[in-house]
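Worth knowing before you read on, the calculation uses all heavy atoms, side chains too, and leaves out hydrogens, waters and symmetry mates. We're numbering straight along the sequence, starting at 1.
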Amino acid sequence: MLFRTANLSQLGEFDEIIDVRTPAEFAEDHIPGAINCPVFSDEERIVVGTLYKQVSPFEARKVGAALVAKNIAHHLQTSFHDHPKSWRPLIYCWRGGQRSGAMSIILAQVGWAAHKLEGGYKTYRRDVLDKLEILPQTLTFKVICGPTGSGKSRLLTALAESGHQVLDLEMLAQHRGSVLGRLPEQAQPSQKWFDSALLQALQKFDPARPVYVEAESNKIGLITLPPALISAMHASACLLVETPLETRVAGLLQDYRHYVENPEMLVAQLQSLHRFHGEKQLEHWATLIHAGDIATMVAELLTLHYDPSYSRATTKHYVNLDQAPRITLEDLSADALKAIAKGL
């Protein structure tokens, strides 16, 4: 065999990690830091797979080999063209099979110290899930609790800027964690990519220092948090943020400006609350929105929906909440929060 194999513990030994799966597979998830040099396009993989099932494995391999050879040639002439003889690439595909094997053989024949990842992406994915079952239990979390709009996310930002360890789950999930939490023109990552990014974040923390995190449910938009992380958060010490209602409303109008600027989108999004509040309440909120009195609508939404729901959930799950130190946030400006963060 011209190429050698490597395992996950050796990832840091290579100059480059090359994912030879299709662009769609790569977009869903990949080893962090890897580059995508596919040996099949998304369309080509479908063609070969169809031939394999409907004609014969031999015909599929014959067509597939030509496509693989063409695509590897392209990468040799472009992405790999200027690499020196000392370049050490690690190559992987879905299972560490034919796609990565073909790339590894050709790169090794050129003279590079090409290695193929044992087990491919599937081994990496299994390792991510295994570590997400263990790693959260090795860390000490301090969970910031408080009703919607109380400045928890802003406080997390201030804590990070002040040198504290911070796990910002909503940032990783690209969602603010509520029925109105979808970010404008920003799709959430895939579940698999979220898991990879979360593991990367957790691995950077010093277990000897606390990690600040915002209280969350087990889902942030479409993303599901690992059970081990949720369990660790529920059992952790808490900080309770208390912010006046008018300050919360003002902060939310700043953070959710895209709804303020697009009232019809806000009205449409509120329809998901129909089963909780009924047609009459939704019509009332729509009237306030169309009249430009979004502040009143937000205040009512907080007191009638978010606050009771949040209180029930946190009281039920965060067992140390009744012992939590209280932090009063009269001002949600960056300077005010920075002062609070330094005090912690």
Side-chain angles (χ1 to χ4, degrees), residues 143-156 168-171 173-188 214-225 230 233-234 238-318 321-322 324 326-332:
V143 183
I144 300 176
C145 301
T148 300
S150 56
K152 300 185 298 295
S153 296
R154 295 188 186 203
L155 181 57
L156 276 186
D168 192 338
L169 293 170
E170 293 183 2
M171 183 274 292
Q174 293 296 298
H175 196 282
R176 290 198 173 108
S178 69
V179 69
L180 299 177
R182 185 173 62 85
L183 300 180
E185 300 180 3
Q186 176 67 61
Q188 288 193 261
E214 182 178 342
E216 303 285 357
S217 65
N218 65 342
K219 292 199 75 173
I220 303 178
L222 300 174
I223 295 296
T224 300
L225 300 182
I230 288 293
M233 289 168 60
H234 285 172
C238 299
L239 295 174
L240 181 58
V241 174
E242 297 180 327
T243 308
L245 180 61
E246 60 271 21
T247 304
R248 294 163 60 197
V249 171
L252 288 169
L253 291 177
Q254 292 175 351
D255 292 342
Y256 290 82
R257 187 173 297 277
H258 53 288
Y259 283 123
V260 177
E261 295 173 350
N262 190 342
E264 292 306 323
M265 180 171 65
L266 177 56
V267 171
Q269 194 68 19
L270 287 173
Q271 297 308 306
S272 60
L273 299 179
H274 186 276
R275 64 191 178 102
F276 299 107
H277 299 286
E279 189 69 29
K280 186 176 179 180
Q281 184 64 62
L282 292 183
E283 288 178 357
H284 167 64
W285 283 337
T287 299
L288 290 174
I289 292 168
H290 290 139
D293 193 3
I294 297 181
T296 298
M297 186 280 301
V298 171
E300 292 184 6
L301 187 62
L302 290 174
T303 55
L304 295 177
H305 179 76
Y306 281 113
D307 289 1
S309 174
Y310 189 88
S311 178
R312 287 193 299 269
T314 52
T315 301
K316 177 181 178 181
H317 295 297
Y318 290 90
L321 184 61
D322 58 346
R326 296 171 185 266
I327 303 172
T328 300
L329 298 181
E330 300 281 353
D331 182 355
L332 297 183

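- Take His305 and apply the side chain to side chain donor-acceptor pair (under 3.5 Å) test, not counting sequence neighbours, and it matches His277.
- Distance CG/Leu225 to CD1/Ile230: 4.5 Å, rounded to 0.5 Å.
- Using a distance-only test at 3.5 Å, with no hydrogens or angles considered, a donor-acceptor pair links the side chain of Arg248 to the main chain of Thr148.
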So Leu270 and Leu180, side chain to side chain contact (heavy atoms under 4.5 Å, CB included) or not? Walk me through it. CA-CA 8 Å; Leu270 287 173; Leu180 299 177; 4.3 Å; yes

Can Glu216 and Glu170 be said to form a side chain to side chain contact (heavy atoms under 4.5 Å, CB included), step by step? CA-CA 9 Å; Glu216 303 285 357; Glu170 293 183 2; 2.9 Å; yes

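- Met265 CE to Arg182 CZ: the interatomic distance, rounded to the nearest 0.5 Å, is 6.5 Å.
- Residue Lys316 holds its NZ atom at 15.0 Å from CG of Leu321, rounded to the nearest 0.5 Å.
- Of the possible polar contacts, one joining the Gln271 side chain to the Val267 backbone as a donor-acceptor pair under 3.5 Å is found.
- Side chain of Arg176 to main chain of Tyr256: no donor-acceptor pair is present (N/O by atom type, distance under 3.5 Å, no hydrogens or angles).
- Atom CG of Asn262 sits about 14.0 Å away from atom CZ of Arg257, to the nearest 0.5 Å.
- Nearest heavy-atom pair, Cys238 versus Ala324, reported as atom, atom and distance to 0.1 Å: O-CB, 3.3 Å.
- Residues Gln254 and Leu332 are not in side-chain contact: their nearest non-hydrogen atoms beyond the backbone lie 4.5 Å or more apart.
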Check against side chain to side chain contact (heavy atoms under 4.5 Å, CB included), Glu214 and Leu169: CA-CA 8 Å; Glu214 182 178 342; Leu169 293 170; over 6 Å; no

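- Under a 3.5 Å cut-off, the side chain of Lys152 and the backbone N or O of Gly146 do form a donor-acceptor pair.
- Expressed to the nearest 0.5 Å, how far CG of Leu183 lies from CG of Asp255 amounts to 10.5 Å.
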Given Leu329 and Arg154, is the side chain to side chain contact (heavy atoms under 4.5 Å, CB included) satisfied, shown in steps? CA-CA 11 Å; Leu329 298 181; Arg154 295 188 186 203; over 6 Å; no

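- Annotation: side chain of Leu156 is not in contact with side chain of Met171 (no heavy-atom distance under 4.5 Å).
- The closest donor-acceptor contact from the side chain of Gln188 to the backbone of Ile220 lies under 3.5 Å.
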Quiz: residues 285-294 side-chain donor-acceptor pairs under 3.5 angstrom, not counting sequence neighbours:
residue	atom	partner	partner atom	Å
Trp285	NE1	Glu300	OE1	3.0
Thr287	OG1	Glu283	O	2.9
His290	ND1	Ala286	O	3.1
His290	NE2	Glu264	OE2	2.7
Asp293	OD1	Thr296	N	3.4
Asp293	OD1	Thr296	OG1	2.8
Asp293	OD2	Thr296	OG1	2.8

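- Listed by chain and number, the residues in a side chain to side chain contact (heavy atoms under 4.5 Å, CB included) with Pro244 are Glu246, Thr247, Glu330 (sequence neighbours excluded).
- Listed for the Ser309 side chain is no donor-acceptor partner under 3.5 Å among the backbone atoms of Tyr306.
- Between Tyr310 and Cys145, the shortest heavy-atom distance links the atoms OH-CA, 3.6 Å.
- The distance from atom CG of Leu252 to atom OH of Tyr259, rounded to the nearest 0.5 Å, is 12.0 Å.
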